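Below is one structure, written out as structure tokens; the observations come after it.
The structure displayed is predicted, hence computed values, not measured ones. When reading the values below, keep in mind they use all heavy atoms of this one structure, side chains included, and skip hydrogens, waters and symmetry mates.
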Amino acid sequence: MKYFTATLLFFLAFAKWSPAQTSPQFQAASKEEHYVLILLSDVWANSKEIAGQVARYNELLPSGKPIHMQLYRIPFLGKQPVITLSGFPNQKAAEAYCQKLIEDQPDFLKMQIVTAVWPVALSNFNEMLRKKSAENYPAFLQKFYTAFII
């Protein structure tokens with residue numbers, strides 16, 4: 001009994017101070033609202049300038065629904081703020097935007113300023129923020145999406 005109590009106390013102490021799972025668990029959610037994240041180089045990019053270029057690019061797109069853009073500081077994704085585009089009703093719409101970017105190759109994609117363009121479901125974006133990690137997201141993209149830049 002003494003051994004059991006000591007073991008139980010050790011386990012409880014360890015469980016209390018051990019870190020929670022930090023690796024996010026991403027789920028396929030094709031019908032869910034999506035964002036497109038544009039990650040910028042820590043070396044080259046001026047986030048406000050690039051956001052302006054993205055906004056000008058978006059104005060030229062023939063779309064029925066406006067694309068909303070915001071800059072967020074997300075330290076685990078880099079030193080630069082992340083350009084976050086919202087207004088995509090599902091995975092198909094977010095991927096169509098990413099595919100158009102790949103085809104058009106606007107100036108901001110040509111100079112190694114943008115390091116990644118990720119479509120991400122709202123629930124997966126929330127999971128990233130909750131776990132403060134995007135670990136394994138590039139592998140998830142390769143498995144479940146067709147248009148992105150890593």
[X] with [Y], same ILVMFWY side-chain cluster at under 4.5 Å:
X	Y	answer
Ile67	Ile50	yes
Ile149	Val54	yes
Tyr35	Leu61	no
Met111	Ile150	no
Trp118	Leu122	yes

Are side-chain heavy atoms of [X] and [Y] found at a separation under 4.5 Å?
X	Y	answer
Ile113	Phe108	no
Leu109	Val117	yes
Phe148	Pro138	no
Val114	Leu40	yes

Next on the checklist: Tell me every residue that passes salt bridge (Lys or Arg N to Asp or Glu O under 4.0 Å) with Glu33, counting only those two or more places apart in sequence or in another chain.
Outcome noted: none
Checklist entry - Which pairs pass ring pair (Phe, Tyr, Trp, His ring centres under 6.0 Å) with one or both residues in residues 66-92, sequence neighbours excluded? => result Phe88-Tyr97
Inter-residue atom distance [X].[atom1] - [Y].[atom2], 0.5 Å rounding:
X	Y	atom1	atom2	value
Asn90	His34	CG	NE2	7.5 Å
Asn58	Leu101	CG	CG	7.5 Å
Gln25	Glu135	CD	CD	9.5 Å
Met128	Leu37	CE	CG	6.0 Å
Glu95	Leu141	CD	CG	9.0 Å
Ile74	Ser133	CD1	OG	12.0 Å

Item to check | Glu32 versus Ser123, side-chain donor and acceptor atoms under 3.5 Å | outcome: yes
Anything under 3.5 Å between a donor and an acceptor, one on a side chain of residues 78-87, the other on a protein residue two or more places apart or in another chain? List them.
{"residue": "Gln80", "atom": "NE2", "partner": "Ala45", "partner atom": "O", "Å": "2.8"}

Item to check | Whichever hydrophobic residues join Leu60 through chains of side-chain contacts under 4.5 Å | outcome: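 Leu60 clusters with nothing; isolated.
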Checklist entry - Can you name the nearest heavy-atom pair linking Ala134 to Leu77, along with the distance? => result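 That would be CB-CD2, 3.6 Å.
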Item to check | For Pro119 against Ala147, the heavy-atom pair lying closest together | outcome: CG-O, 3.6 Å
Checklist entry - So which pairs with a foot in residues 102-115 pass side chain to side chain donor-acceptor pair (under 3.5 Å), sequence neighbours left out? => result Tyr57-Asp104, Gln99-Glu103, Lys100-Asp104
Checklist entry - Are Arg56 and Glu59 ion-paired here, with the side-chain N under 4.0 Å from a carboxylate O? => result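 So Arg56 does not pair with Glu59 through a salt bridge.
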Item to check | ring pair (Phe, Tyr, Trp, His ring centres under 6.0 Å) partners for Phe140, two or more places apart | outcome: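 Counting only residues at least two positions away or on another chain, Phe140 forms a ring pair (Phe, Tyr, Trp, His ring centres under 6.0 Å) with Phe26, Tyr137, Phe144.
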